[in-house]
Amino acid sequence: MSTISSLDAKLDSTGVFKIENDSLSLSYNFTGENEPLNIEVFNKLNEPLYVNWAKSAMISSDKAYSYASDEIRIQGSTSSISTQYSRRGDVFTDGSISATAKLSQYETFIPPHSKINRTIYILKNLETDKLLKADFQKVYLNYDDGSGLAPGKRASFSADHSPLKFKSYLTMYTMKDNQPMVFSRQQEFFISGIVKTAVSPSSLYEFKHNRGDVIVNAKTTGYAKTIAVIGLVGAVGALTAAETTLNEKNQPK
């Protein structure tokens with residue numbers, strides 16, 4: 001389990017990172033299965049706001065991982081009928097598939113004073129080998145039912161010495177005189193702590209609430225034993241110059 005932290009993003013009581021200015025409000029959280037990155041964008045303007053996912057990405061170790069995917073997800077079912085036509089046992093199968101293809105969205109339209117949510121499964125692509133080589137100390141975690149303590153190992157990091165840092169880079173724009181007014185928002189995150197335990201995080205008092213700044217990943221050891229790796233996430237960042245310009249544009253005259 002890993003913990004994520006922030007130096008200037010506001011962290012609410014549920015572990016959600018919030019960054020906002022006069023134009024928009026951004027929320028980041030990492031709650032859910034398969035290590036998701038959940039992004040919420042709220043448009044405070046009196047005009048539409050657009051998010052260009054094709055020009056947005058997660059950046060780690062100088063590598064960019066696009067928020068727009070070229071993959072087409074297909075969900076459906078198949079049915080088939082098999083018939084034996086000869087004594088040799090030849091079998092012929094006739095079947096059909098019923099499915100729905102979902103194309104990834106490259107751009108999202110946000111009406112004035114409304115919000116959108118997007119979940120991106122990209123964290124598993126990051127290079128995390130250094131996390132498990134950290135200097136761990138033995139700890140004891142509280143069972144949620146008060147029945148005792150569970151053994152584990154914990155490592156903590158500052159922003160400067162974290163073994164894993166990554167950035168979220170979002171490209172957005174508004175329209176003025178049929179021309180896009182493009183600006184960007186970059187938020188930096190880092191792993192501020194890791195906990196390893198053989199106990200399910202849902203049974204531990206410290207992690208039962210599915211906080212937004214916690215990443216949970218299960219790994220199988222060489223002895224077929226599953227270890228929960230809990231990552232704690234932190235964040236740093238500041239407004240870009242382009243955002244400052246946009247703020248000035250939307251100030252009352």
Side-chain angles (χ1 to χ4, degrees), residues 1-12 14-20 24-41 51-71 104 108 117-136 154-172 183-196 201 207 210-219 228-240 242-243:
M1 293 177 277
S2 303
T3 305
I4 308 172
S5 303
S6 172
L7 296 183
D8 71 341
K10 295 180 180 178
L11 189 67
D12 70 13
T14 64
V16 174
F17 295 100
K18 294 183 178 294
I19 310 99
E20 58 183 307
L24 58 87
S25 175
L26 287 176
S27 296
Y28 287 94
N29 78 80
F30 303 84
T31 303
E33 298 181 356
N34 301 316
E35 303 172 56
L37 169 61
N38 305 299
I39 303 174
E40 178 184 286
V41 184
V51 182
N52 188 330
W53 300 108
K55 293 184 178 180
S56 302
M58 179 176 287
I59 305 166
S60 179
S61 300
D62 298 326
K63 294 182 180 179
Y65 303 88
S66 176
Y67 284 162
S69 173
D70 292 328
E71 296 180 358
S104 61
T108 298
N117 293 277
R118 187 175 178 95
T119 298
I120 302 165
Y121 295 95
I122 206 169
L123 290 169
K124 62 184 66 177
N125 296 328
L126 304 186
E127 298 177 358
T128 59
D129 294 344
K130 293 181 179 179
L131 293 178
L132 299 181
K133 297 178 181 178
D135 184 18
F136 286 89
R154 182 192 295 269
S156 299
F157 316 99
S158 65
D160 293 333
H161 297 94
S162 175
L164 179 61
K165 304 176 185 179
F166 53 95
K167 304 174 184 178
S168 176
Y169 184 89
L170 292 180
T171 298
M172 293 166 276
F183 65 100
S184 63
R185 182 67 173 96
Q186 180 171 284
Q187 185 64 44
E188 299 181 30
F189 298 94
F190 65 95
I191 298 297
S192 61
I194 306 172
V195 175
K196 296 193 296 184
F207 302 106
N210 295 320
R211 287 180 56 86
D213 57 347
V214 174
I215 300 173
V216 178
N217 184 18
K219 294 184 178 294
V229 181
I230 308 171
L232 312 179
V233 184
V236 296
L239 293 178
T240 63
E243 281 187 286

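Since the structure is predicted, the reported quantities are computational estimates derived from the model, not experimental observations. What you see below is based on every heavy atom in this structure, not just the backbone, and it leaves out hydrogens, waters and symmetry mates.
- Taking the side chain as every heavy atom from C-beta outward, R118 and V51 never approach each other to under 4.5 Å.
- Separating the CD1 atom in I215 from the NZ atom in K124 is a distance of 12.0 Å, to the nearest 0.5 Å.
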Go through I39 and Y67 one step at a time and tell me if the side chain to side chain contact (heavy atoms under 4.5 Å, CB included) criterion holds.
CA-CA 11 Å; I39 303 174; Y67 284 162; 4.0 Å; yes
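- For the 3.5 Å distance criterion, the side chains of D12 and T14 qualify, holding a donor opposite an acceptor.
- Expressed to the nearest 0.5 Å, how far CH2 of W53 lies from CG of L170 amounts to 5.5 Å.
- In this structure, CD on E40 lies 10.5 Å from OG1 on T119, to the nearest 0.5 angstrom.
- Within the model, atoms CG of N38 and CG of N29 stand 4.5 Å from one another, a figure rounded to the nearest 0.5 Å.
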Requested in this report: Run the numbers on L164 and F190 for side chain to side chain contact (heavy atoms under 4.5 Å, CB included), then give the verdict.
Outcome: CA-CA 6 Å; L164 179 61; F190 65 95; over 6 Å; no
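- A donor-acceptor pair under 3.5 Å links the side-chain atoms of S60 to the main chain of K165, judged by distance alone.
- Taking both residues in full, the closest heavy atoms of A54 and S66 are given as O-OG, 4.2 Å, listed atom of the first, atom of the second, then distance.
- Taking CZ of R154 as the reference point, atom CG of D135 lies at 14.0 Å (rounded to 0.5 Å).
- In this structure, the side chains of F17 and L26 stay at 4.5 Å or more apart for every pair of heavy atoms.
- Contact detail for G32 and P36: the closest heavy-atom pair is O-CD, 3.4 Å.
- Side-chain contact between F207 and V216: absent, with no pair of heavy atoms (C-beta onward) separated by less than 4.5 Å.
- Between atom OH of residue Y121 and atom CD of residue E35 there is a gap of 11.0 Å, rounded to the nearest 0.5 Å.
- At distances below 3.5 Å, not a single donor-acceptor pair connects side-chain atoms of S156 with backbone N or O atoms of G193.
- The aromatic rings of F189 and F166 lie parallel to each other, with less than 30° between the two planes, well short of the 60° mark.
- No side-chain heavy atom of Y28 sits under 4.5 Å from any side-chain heavy atom of V16.
- Proximity of R185 to I19: side-chain heavy atoms (C-beta onward) are separated by under 4.5 Å at one or more points.
- In terms of modelled atom types and a separation under 3.5 Å, the side chain of S162 and the main chain of I191 share a donor-acceptor contact.
- With a 4.5 Å cut-off on side-chain heavy atoms, N125 and K63 do not count as touching.
- In this structure, K18 contributes its side chain and S25 its backbone to no donor-acceptor pair below 3.5 Å.
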